[in-house]
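So the structure is just underneath, and the comments pick up after that.
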Amino acid sequence: MSYTVGTYLAERLAQIGLKHHFAVAGDYNLVLLDQLLMNKDCEQVYCCNELNCGFAAEGYARANGAAAAVVTFSVGALSALNAIGGAYAENLPVILISGAPNSNDHGSGHILHHTIGTTDYSYQLQIAEKLTCAAVSITSAEDAPEKIDHAIRTALREKKPAYIEIACNLSAQPCAAPGPISAVLDAPASNKDTLDAAVKAVAAFIEKHEKPAILVGSRLRAAGAEEAAVKLADALGCVVATMAAAKSFFPEGHPSYVGTYWGSASTPGVNEIFNWTDSILALAPIFNDYSTEGWSVWPKGPNVAVLDKNITKLDGYNFDNIHLKELLLGLADYFNGKPKKDSTVAQYKRVHTEKTVETTGTGDDKLTRADIQQTLQSLVTPDTTILGETGDSWFNVMRTRLPHGARVELEMQWGHIGWSVPAAFGYAVGAPERRTILMVGDGSFQLTAQEVCQMIRRKLPVIIFLINNRGYTIEVEIHDGPYNNIKNWDYAGIISAFNAEDGKGIGLRANTAGELADAVKVALENKDGPTLIECTIERDDCTPELISWGRHVAQANSRPPAK
Ligand code: TPU
Ligand code: MG
C-alpha cells in the first residue's frame with residue numbers, strides 16, 4: 001500500500017486509538033481533510049469554530065486518552081491555540097494539525113491570505129512551540145513521517161499537546177509507509193537505580209511520621225497512576241483526599257476516602273484532618289492560587305513529599321526520571337503486610353459529623369441551587385461523567401458523591417469559561433456508552449453555545465443543566481461591578497433554533513422544583529439529541545463554599561506590590 005503525507009498521518013492517528021478527529025475546513029487544509037477521510041478507522045467530526053474544535057478535542061482526549069484537531073492557517077489555528085494552551089495546562093495530549101502555506105511560498109516574498117500580511121509565515125509555528133511539547137512544520141514529504149511520529153510520540157509520553165503544520169501542497173504527496181506503531185507508543189522505563197532510591201527515601205519519610213495522609217492531585221491521571229494510588233492507600237490505610245481538580249481520580253467509596261481538600265471549601269471534616277496530620281504525600285498535585293485558596297492552604301515544607309508524574313521531591317531529595325506509577329507500586333509493595341499507618345482514619349471518624357442534607361423543594365416551590373445539586377446527584381450512575389464549568393458549577397459538582405466508575409471532568413488550571421460545552425460534545429463523541437452530564441452557568445454558556453448544535457447533529461443525548469442566575473456569580477464573589485451583569489437569553493429557546501428542520505434536541509425551562517423533576521424525566525427519555533434544562537435561580541443563590549473561596553482569592557489578588 002502506498003502512502004501520502006495525509007494518509008500517513010491518518011494511519012498514525014488511528015493506530016494511537018483515535019476513532020475520530022475534529023475539524024473545521026479552510027482552503028489550507030482541504031486536501032488534507034480529503035486524505036484523512038480516506039481512513040475509515042478515524043472518522044472526521046466537524047465543529048462550528050476552531051476554539052470549540054480545540055476544546056472538543058480536549059474533551060475527547062479526556063474520554064479517550066488522546067485527540068486530534070485539524071484547522072486552517074492562522075484564522076483557525078490562532079483560535080484553536082487557546083484550547084491547546086488549555087490542553088497543556090490540563091495535561092492532555094491533543095494534536096493540533098494546521099494547514100499551512102504552499103511550500104513554494106515559504107521564503108518567496110509572497111503575501112498570502114489568512115496571514116498577518118508579512119512574508120514570514122513562521123510566526124504560527126513559533127507561537128505553537130510555546131504552547132506544546134513538540135511543534136513541527138512539514139514542508140517536504142520526505143521529512144513528514146519522522147516529524148509526525150516525533151510530535152505524536154512526544155505528546156503521548158508527556159501528556160501534553162503537540163503541533164503539526166503541513167504545507168497545503170504536501171498532504172497528497174507520496175511518502176514512506178509507517179513502521180510499527182510500537183516505535184511511537186513505547187515509553188522508556190524509569191531509571192531503575194533512581195526508582196529504588198526514591199522508594200527507599202519516600203518509605204523512610206512515611207515511616208518517620210505517625211500521621212501521614214495522601215492528597216491526590218490532578219496530574220495523577222496523566223501519570224497513569226490512579227490504580228497504583230489505590231494500592232498505596234490500601235497498603236498504608238491512611239486517609240485519602242482529592243484536590244478539587246482531581247475529583248473522581250480516586251474511588252469515593254474507598255474506606256480511606258474522606259472527600260475534597262480545598263481549604264474552607266473542603267468537604268466537612270477534611271480540612272480539620274489535614275490540619276491534624278503530621279505529613280502529606282501529595283500525588284501529582286497542582287498547587288496554584290485557586291487550589292490553595294489564594295495561597296492560604298498550601299501544603300509545603302519538610303513534612304510534605306511531592307510525588308509528581310516523573311519527579312519526586314521531598315526534604316533534601318529530588319528524584320528525576322521515574323514514573324509515578326512505578327514509585328507508588330514500589331511503595332505499596334514495601335508497606336504491604338506492615339502495620340497500617342491509619343491513625344488519621346481513627347481521628348477522622350472522631351471529627352467527622354454526618355453531612356446535613358440540604359432542604360430541597362417540591363412542586364411549585366421556587367427552584368433553588370440545592371434542588372439542582374440534588375437532582376444532579378440523583379442522576380449519577382457508575383457510567384456517568386459530569387463536566388463542571390468554571391463558576392458555582394465547580395462547587396456544586398464538588399458536593400456530588402460519586403459511585404464507583406462515575407467520573408468528573410473539570411478544567412481548573414486553564415479555567416476558560418465556555419470550555420465545557422465543546423468539551424462535553426467531544427467527550428460524548430469519545431464515550432458514547434456513558435451518560436454525559438454538563439453543568440454550566442449562563443455566562444460561560446454564552447461563549448461557546450453554538451457547539452450544542454453539533455450534539456444535535458450527531459444525536460448525542462447529553463444532559464445540560466444551564467444555570468441561569470443572570471450573571472457571573474463567581475466573579476461577583478471575587479469582586480463585583482457592572483461587568484458581572486450579562487444580557488439574558490432564552491436559553492431553552494435556542495435549542496429549537498439549532499434543531500432547524502431535522503434536529504431532536506430539547507430545550508426546557510425549570511423555574512420550580514416540580515418543573516425540574518419533570519424536565520429530568522424528559523431528558524432521560526430523549527436518546528436522539530441533547531436536552532438543555534434552563535434552571536432559573538436567584539442571582540445570589542450559590543454555595544457557601546464559593547463565597548468563602550471567593551473571599552480568599554480576592555485577598556490574594558489584592559495583595560499590594562512588595563516594597
Ligand atoms: O455560576 P456562575 O454564575 O458563577 O457561572 P457563569 O454564569 O458561567 O459565570 C462565569 C463568570 C466568569 C468569568 C467572566 N468566570 N470566570 N470569568 C473570567 C473569564 C473570562 N474569560 C474567559 C475565557 N475565561 C474566564 N475564566
Ligand atoms: Mg451565572
Side-chain angles (χ1 to χ4, degrees), residues 49-52 54-55 58 78-90 131 244-245 265 288-291 294 367-373 376 386-400 410-424 437-452 464-492 494 510-511 532-554 556-557:
N49 66 49
E50 287 83 355
L51 174 66
N52 294 354
F55 281 138
E58 195 262 26
L78 293 191
S79 290
L81 279 166
N82 186 326
I84 292 301
Y88 199 102
E90 302 291 323
L131 299 174
N288 66 14
D289 51 344
Y290 274 17
S291 71
L367 188 68
T368 65
R369 180 207 61 74
D371 295 329
I372 305 169
Q373 198 271 323
L376 173 67
I386 309 169
L387 287 95
E389 179 65 88
T390 297
D392 200 28
S393 299
W394 275 352
F395 298 88
N396 280 299
V397 169
M398 217 49 65
R399 284 185 165 220
T400 307
L410 304 159
E411 194 224 29
M412 286 192 152
Q413 175 57 35
W414 195 237
H416 185 304
I417 56 170
W419 154 83
S420 68
V421 180
I437 301 179
L438 165 58
M439 191 175 204
V440 54
D442 47 356
S444 300
F445 186 76
Q446 291 195 357
L447 275 84
T448 52
Q450 69 274 65
E451 224 54 25
V452 172
I464 304 171
F465 289 95
L466 181 297
I467 315 302
N468 186 351
N469 56 9
R470 300 286 179 123
Y472 298 153
T473 296
I474 188 172
E475 299 270 324
V476 172
E477 298 309 329
I478 297 174
H479 186 109
D480 202 9
Y483 34 73
N484 291 326
N485 301 326
I486 61 176
K487 169 73 182 80
N488 192 35
W489 287 8
D490 177 359
Y491 298 97
I494 61 171
N511 296 301
L532 182 149
I533 307 171
E534 178 183 347
C535 305
T536 300
I537 58 174
E538 292 293 333
R539 192 168 190 263
D540 57 0
D541 182 8
C542 66
T543 59
E545 293 87 280
L546 171 61
I547 296 172
S548 67
W549 174 88
R551 201 180 58 240
H552 282 105
V553 169
N557 282 349

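Atoms within each ligand, like the ligands themselves, are counted from 1 in listed order.
Legend: protein N/O/S atoms lying under 2.8 Å from the Mg ion (ligand 2), waters omitted, number 3.
Taking the ring centroids of Y290 and W549, they lie under the 6.0 Å cut-off.
Evaluated by nearest non-hydrogen atom to atom 23 (C) of ligand 1, the leading choice among E475, E477, H416, E389 is H416. Among W394, W419, Y472, W414, the residue whose heavy atom lies closest to atom 14 (C) of ligand 1 is Y472.
The closest side-chain heavy-atom distance from Q450 to V421 is not below 4.5 Å. Between E90 and E58, the closest side-chain pair of non-hydrogen atoms falls below 4.5 Å. Taking the side chain as every heavy atom from C-beta outward, I372 and M439 approach each other to under 4.5 Å. A 4.5 Å side-chain heavy-atom check between L376 and I386 finds at least one atom pair inside the cut-off. Side-chain contact between F445 and L532 is present, with at least one heavy-atom pair separated by less than 4.5 Å.
At the top of the distance list for atom 21 (N) of ligand 1, counting protein heavy atoms only, stands I417 CG1, 3.8 Å. Counting only heavy atoms of the protein, atom 4 (O) of ligand 1 lies nearest to I474 N, 2.7 Å. Protein heavy atom in closest approach to atom 1 (O) of ligand 1: D392 N, 3.2 Å. Closest protein heavy atom to atom 8 (O) of ligand 1: S444 OG, 2.6 Å. Among all non-hydrogen protein atoms, the one lying nearest atom 7 (O) of ligand 1 is D442 OD1, 2.6 Å.
Here the options are T543, D392, T400, T368, the test is side chain to side chain donor-acceptor pair (under 3.5 Å), and the partner is Q373; only T400 passes.
The N/O atoms of G443, backbone and side chain alike, include one that comes under 3.5 Å of an N/O atom in ligand 1. For a threshold of 3.5 Å applied to N or O pairs, the pair formed by G415 and ligand 1 contains at least one separation below that value.
Only the side chain of N469 comes within 4.0 Å of ligand 1, judged by heavy-atom distances.
In this structure, the side chain of Q446 engages the main chain of K487 through a donor-acceptor pair within 3.5 Å. For N49 (side chain) and T448 (main-chain N/O), no donor-acceptor pair under 3.5 Å exists by modelled atom type.
Listed by chain and number, the residues in a ring pair (Phe, Tyr, Trp, His ring centres under 6.0 Å) with Y472 amount to none (sequence neighbours excluded).
Put simply, CG on D289 and CG on N557 are 7.0 Å apart, with the number rounded to the nearest 0.5 Å. Separating the SG atom in C535 from the CG atom in N468 is a distance of 9.0 Å, to the nearest 0.5 Å.
Taking a 4.0 Å cut-off on heavy atoms, G418 fails to register as neighbouring ligand 1.
Of all atoms in ligand 1, listed by their number and element, those nearer than 4.0 Å to a heavy atom of G391 are 4 (O), 5 (O).
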